[in-house]
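Here the structure is a predicted model, which is why all the values come from computation and not from measurement.
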Amino acid sequence: MSRQCKGALMAAGGGICWGISGTMGQYLFTHEAMHTTWLIPIRLSLAGLLLFAYWLVKDRKLLFAPWRQRSSAVMLVLYGVLGVSMSQFLYFLTIQFSNAAVGTIMQDLSPVMVLLVACAAARRKPRLYELVSIVLALLGVTLLTTHGDLTTFAVSPVALIAGVGSAVCVTVYNCLGPRQELRAYPVSLLQSWAFLMGAVLFALTMHPWTLGYTPTLRGVGGILSVVLFGNLLAFNLYMTGVKLIGPEKSVLYGFSEPVTAAILAVALLSTPFTLWDALGFAEVFAMLAVLSFCGKRHTE
């Protein structure tokens with residue numbers, strides 16, 4: 001299997017796992033009365049400790065290696081806190097105040113942001129097809145959040161702000177992951193530190209133990225599912241794809257995430273899905289198609 005094909009499958013597989021995780025998160029919020037400020041510290045702690053224990057046994061020297069150089073340590077903190085951990089918190093906050101479909105499609109604004117970062121790094125203006133993709137993304141989000149009525153919001157302002165913030169954080173870890181300072185380390189090793197840093201940050205700021213929440217048996221199963229699909233599988237699959245084919249291409253194969261989330265949320269949780277939502281999804285998918293096919297033709 002070619003490097004390009006393997007990277008595409010990894011990135012798409014990561015998106016599917018995130019879609020499953022997002023839908024499970026919606027279930028926990030709506031049926032188990034769970035809150036983002038309780039769920040995120042718990043899931044990051046569990047995932048981080050599992051990966052940390054794995055690498056502690058497998059290669060203790062390599063586990064602590066990123067902290068021995070200043071440049072890699074700085075990149076790891078930025079990648080883990082501003083990228084991975086904050087994207088998780090804002091993603092699930094968006095789902096809590098809207099639904100899994102909206103949360104994932106808002107996160108899919110990240111390809112446009114990665115594009116703008118690439119243009120800035122190359123000190124060039126966006127090409128015509130890139131400008132078209134930006135317009136499509138903005139139009140899609142406008143349809144999703146207003147349902148055609150520009151005087152009101154169909155989703156809460158909290159969900160809108162958190163969704164855009166989540167896309168920004170996805171852009172951060174997409175752009176930092178392939179950097180030279182971090183390329184020498186396995187994805188799961190970087191994720192272990194990212195999850196642990198996020199767990200400590202959110203535990204100290206959100207104090208989940210003060211919320212007085214005790215999950216049911218189904219709630220525990222949901223948490224474990226979110227950790228398995230959303231943390232252990234999704235990030236490792238997706239970031240492996242980023243390493244193989246780069247952030248610009250990987251974010252395009254993330255289209256599998258909103259498709260998975262929308263299908264599961266509508267089929268299993270009876271989430272309303274209006275014509276305006278469908279049009280908004282179509283605009284964002286059109287943006288992904290324009291970036292993918294026109295970008296490929298330009299490269300060739």
Side-chain angles (χ1 to χ4, degrees), residues 13-55 80-81 83-104 107 158-159 162-163 166 169-170 173 187-188 191-239 257-258 260-265 267-271:
I16 291 172
C17 289
W18 268 316
I20 296 172
S21 172
T23 306
M24 180 55 69
Q26 182 179 334
Y27 168 80
L28 293 174
F29 298 142
T30 56
H31 292 78
E32 298 294 327
M34 204 172 288
H35 196 280
T36 304
T37 54
W38 189 91
L39 174 61
I40 294 304
I42 299 299
R43 67 172 291 190
L44 289 177
S45 298
L46 289 175
L49 289 172
L50 285 172
L51 290 176
F52 184 85
Y54 169 78
W55 279 103
V81 176
V84 172
S85 300
M86 285 303 299
S87 71
Q88 288 288 285
F89 172 69
L90 293 172
Y91 172 61
F92 276 89
L93 191 65
T94 307
I95 293 174
Q96 181 179 340
F97 284 90
S98 56
N99 56 64
V102 171
T104 54
Q107 203 176 58
V158 174
S166 175
C169 294
V170 171
Y173 72 68
V187 172
S188 59
Q191 297 304 321
S192 69
W193 288 113
F195 295 150
L196 287 176
M197 285 188 287
V200 172
L201 171 66
F202 293 132
L204 292 177
T205 56
M206 298 174 182
H207 306 139
W209 57 85
T210 65
L211 299 178
Y213 178 79
T214 302
T216 65
L217 186 60
R218 288 186 177 182
V220 172
I223 294 169
L224 295 177
S225 297
V226 167
V227 170
L228 174 63
F229 288 102
N231 290 82
L232 300 181
L233 291 178
F235 273 103
N236 284 289
L237 286 172
Y238 182 78
M239 291 310 298
E257 180 183 356
T260 303
I263 293 174
L264 293 179
L268 302 180
L269 302 179
S270 301
T271 301

**Report entry** Met34 and Phe92: CA distance, side-chain angles, deciding distance, side chain to side chain contact (heavy atoms under 4.5 Å, CB included) verdict
**Finding:** CA-CA 11 Å; Met34 204 172 288; Phe92 276 89; over 6 Å; no

**Report entry** With sequence neighbours excluded, residues passing side-chain contact (heavy atoms from CB on, under 4.5 Å) with Thr94
**Finding:** Ser98, Ala159, Ala162

Query raised in the report: Out of curiosity, Cys17 SG to Leu232 CG, how far, rounded to the nearest 0.5 Å?
Result: 10.0 Å

Requested in this report: Would you please name every residue forming a side chain to side chain donor-acceptor pair (under 3.5 Å) with Tyr213, sequence neighbours left out?
Outcome: none

Query - Under the side chain to side chain donor-acceptor pair (under 3.5 Å) test, residues paired with Thr216 that sit two or more places apart - result: Glu32

Query raised in the report: Among all residues two or more places apart in sequence or in another chain, which pass the side chain to side chain donor-acceptor pair (under 3.5 Å) test with Ser87?
Result: none

Requested in this report: Check Leu90 against Cys169 and note the closest heavy-atom contact, atom names and distance.
Outcome: CD1-SG, 4.0 Å

Query raised in the report: Does Ser85 have any side-chain contact (heavy atoms from CB on, under 4.5 Å) partners at least two apart in sequence or in another chain, and if so, which?
Result: Leu44, Phe202

Query raised in the report: Would you say Thr104's side chain and Ala261's backbone share a donor-acceptor pair under 3.5 angstrom?
Result: no

Query raised in the report: Between atom CG of Leu233 and atom CG of Asn236, what is the distance when rounded to the nearest 0.5 Å?
Result: 7.5 Å

Query raised in the report: Hey, do the aromatic rings of Tyr91 and Trp18 have their centres closer than 6.0 Å?
Result: no

Requested in this report: Check Gly222 against Met24 and note the closest heavy-atom contact, atom names and distance.
Outcome: O-CG, 3.5 Å

Query - Nearest-0.5 Å distance that lies between atom CD1 in Ile40 and atom CG in Leu201 - result: 12.0 Å

Report summary line: Quick note, side chain to side chain donor-acceptor pair (under 3.5 Å) partners involving residues 195-206, not counting sequence neighbours, are none

Requested in this report: Using the test side chain to side chain donor-acceptor pair (under 3.5 Å), find all partners of His35 that sit at least two apart in sequence or belong to another chain.
Outcome: Thr37, Gln96

Requested in this report: Taking all heavy atoms of Ser188 and all of Leu51, pick out the closest pair and write down the distance.
Outcome: O-CD1, 3.8 Å

Query - Leu28: which of Val226, Thr36, Ile95 passes side-chain contact (heavy atoms from CB on, under 4.5 Å) - result: Val226

Query - Heavy-atom donor-acceptor pair, Gln107 side chain to Ser166 backbone, under 3.5 Å - result: no

Only distances under 3.5 Å count here; give the side-chain donor-acceptor pairs of residues 191-200 to other protein atoms, sequence neighbours excluded, each with its distance to 0.1 Å.
residue, atom, partner, partner atom, Å
Gln191, NE2, Tyr79, OH, 2.4
Ser192, OG, Leu189, O, 2.6
Trp193, NE1, Leu63, O, 2.8

Requested in this report: Take Leu39 and Ile42 through the test side chain to side chain contact (heavy atoms under 4.5 Å, CB included) and record every step on the way to the result.
Outcome: CA-CA 5 Å; Leu39 174 61; Ile42 299 299; 5.5 Å; no

Query raised in the report: Which pair of heavy atoms, one from Gly230 and one from Gln88, lies closest together, and at what distance?
Result: O-OE1, 4.3 Å

Report task. Taking side-chain contact (heavy atoms from CB on, under 4.5 Å) as the test, write out the residues that go with Ile20, two or more places apart. Result -> Ile16, Phe229, Thr260, Leu264

Requested in this report: Could you pull out all residues at least two apart from Tyr27 that satisfy ring-ring contact (aromatic ring centres under 6.0 Å, His included)?
Outcome: His31

